[in-house]
Amino acid sequence: METLSYITTQSAEGRFGVFGGQYIPEVLMPAVQELEETYRHSRQDPEFHKIYTHLLKTYVGRPTPLTFAERLTEELGGARIYLKREDLTHTGAHKINNALGQALLAKRMGKRRLVAETGAGQHGVATATVAALLDMECVVYMGSVDIARQQPNVQRMKLLGAEVRAVESGTRTLKDAVNEAIRDWVSNVHTTHYLLGSALGPHPYPTIVRDFQSVIGREARAQILEAEGRLPDACIACVGGGSNAIGLFSAFLDDEDVALIGVEAGGEGILSGRHAARFADPLRGRPGVLHGTYTYLLQDEDGQVLPTHSISAGLDYPAVGPEHAYLRETGRSEYTSVTDEEALQAFQALARTEGILPALESSHALAEAMRRAPTLPRDSILLVNLSGRGDKDLETVLKALNRSNG
Amino acid sequence: MNGIERITQTFENARTQQRAALILYYPAGYPDEQTSLAVLETLAQNGTDVLEVGMPFSDPLADGPTIQHATQTALSQGMNTRRCLETVRLLRRRGVKQPIVLMGYLNPVLAYGMERFVRDCRDAGADGVILPDFPPEESAGFRALCDAEGLAFISLVSPATSIERARQIAETTRGFLYLVSLTGVTGARDALPPDLEAFVDRMRAVAQTPLAVGFGVSTPQQARRVSRIADGVIIGSALIARVESALNPVQDAAGFVSQMLTALGTVELPRSESLPA
């Protein structure tokens, strides 16, 4: 089928090299097996593709454009920077591609209730949106810290008819929202689908989410070929769990000359320990099991999961998607990190030069592109995934800017 | 005798007394290391058949609020895998003879090192391990390590588990099969599921090992209902709730055990569903 990519990097059932797997309580095993079965069937079903692609086109607003960032490119004086505009989708981030696909799968399984976790609120909004569209019940778990810093999205979810439940346990951020969503799923597994928002969790989630996000990469590849007549030198995307990155990368995996660069949240700097960079910090980032999957994880020496920090709620998570761990191990992708400060500068630069407010998550990818562009020849091309829009972050950004000015 | 045999023997002893085995969960390090040690020792002295020592984890996704709170408190006191094993060692030194099973989550065990963990369990005097996020599909290597040391790696089944799958899981379990009574997390409930008897019957048909029922069992009446159909009753959250509200945790832990042992016996119980204060 054309709309969903085939599994190219998965070497064993449910595994990406040694990473991935299904480390979940027995209660959930039948549910993930049913999901896998339903997905296996649906991906080969023309009817499913017809409905999904129709909604992507007429409801989500795909294809999203590829924008040449001309003024930013001129200012940096190096590589030509292109932006894949996922911020222009309905709901303003790439999350809707996956939320829509999974909600359709849930309907096929006869489940009318969706639960989701959310950090920045973008996935929660996307899930609440498709729940309204498809007439399903929706409960979104969100850490109380994130509720405080992402108020516009909280209000949006409520208006869309979803129930937002504040999570007060643990660090009260995305990690704990996932814990609560899983506990809800365990308790209501017969009626409920867990609509996981990133390329994380037990198999088959990392594969399903990757496949529903692969539309980003397929469109971007065709669009850059049309605009420039060749492929980019590098694709750059931010990596929390890593769904927007894996969606972009998936179309370029076989193009060996295209570098794939994932950008983690460097927070206040790797040495500060206050960050969410699983790959950049060998002291704290080691393979382990969290939320059903074996992958790189920020943990202490006793195997307890460490608190994370990022100015962007969507990257504030201690584990990375297992396929990224695999792509890094094989050397196909490289991973770097960008601090809160650098992300804020990138946010401002794009607003000033291109008239676009990027999400703080996407600002991390942009900051990496801005770091590289001046060192590259003028005919080289960087393709940045602008995974979401920044309206939700205004309060955070203004607060941070006031602090650094005052 | 190795750990597997000691657990098997314990279930047989309970059966000759015509009652289910009483299995009590209590987390190491809650509310502090000394108190948890004293509570666990008291549980053993008062006739608990199997002790389940909880190993805290930062993200206990199969647990409800009571055990979450208790294990997070233990973590904040610095409890870790090494000190959980030390708790087992001290219980043995204080003369506890009953089987001791460690229950926790996979990641701290991975961080400790699986081979080292299994070896140190044996050396400390533990008899079994329960890791609810380590299903049979993923745990073959770990099970082989446990088998080599005679350590019981105890598998779980839930009401959602199909009969074919239950048959396979029953083959992997050692000591007993852990029946999760409901589709949900740990914690006290007002009532056990109405179809519990049917679930136990289904598992009885496929398992050779004793069957123990846990999750949601909190009152003596519920324990008695379970004891009529299963070989073991597992209680955790209700014990923690009782101990944490007590002025004298050790005394209340002792009272809890004798109430539950009475419930598992044949004496008539008070009609109230709640525990007498």
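Quantities reported herein were computed from a predicted structural model and do not represent experimental measurements. To find a chain, count down the sequence lines: A is the first, B the second, and so on, and within it residues start at 1.
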Under 3.5 Å donor-acceptor, [X] side chain and [Y] backbone:
X: A:Glu26; Y: B:Val157; value: no
X: A:Gln304; Y: B:Pro56; value: yes
X: A:Arg183; Y: B:Asp63; value: yes
X: B:Gln72; Y: A:Gly170; value: no

Given heavy-atom pairs under 4.5 angstrom as the criterion, report whether the side chain, backbone, both or neither of [X] touches chain B.
X: A:Val189; answer: side chain
X: A:Leu297; answer: side chain
X: A:Thr171; answer: neither
X: A:Leu28; answer: neither
X: A:Pro30; answer: side chain
X: A:Ile24; answer: backbone

Residue pair [X] / [Y]: nearest heavy atoms and the distance that separates them:
X: B:Pro135; Y: A:Met29; result: CG-CE, 3.3 Å
X: B:Asp59; Y: A:Asn179; result: OD2-ND2, 2.8 Å
X: B:Ala111; Y: A:Asp302; result: CB-C, 3.9 Å
X: B:Asn107; Y: A:Gly303; result: ND2-O, 2.9 Å
X: A:Val305; Y: B:Ser58; result: N-OG, 2.9 Å

Go through B:Phe134 and A:Val289 one step at a time and tell me if the side chain to side chain contact (heavy atoms under 4.5 Å, CB included) criterion holds. CA-CA 10 Å; B:Phe134 204 16; A:Val289 167; over 6 Å; no
At a heavy-atom separation under 4.5 Å, does B:Phe57 approach chain A through its side chain, its backbone, both, or neither? both
Whatever's closer than 4.5 Å to a heavy atom in chain A on B:Leu131 counts as neither
Less than 4.0 Å between a side-chain N and a carboxylate O, is that true for B:Arg82 and A:Glu301? no
Option that, when pairs with chain A are counted at under 4.5 Å, heavy atom only, ranks first among B:Pro65, B:Ala160, B:Ala62: B:Ala160
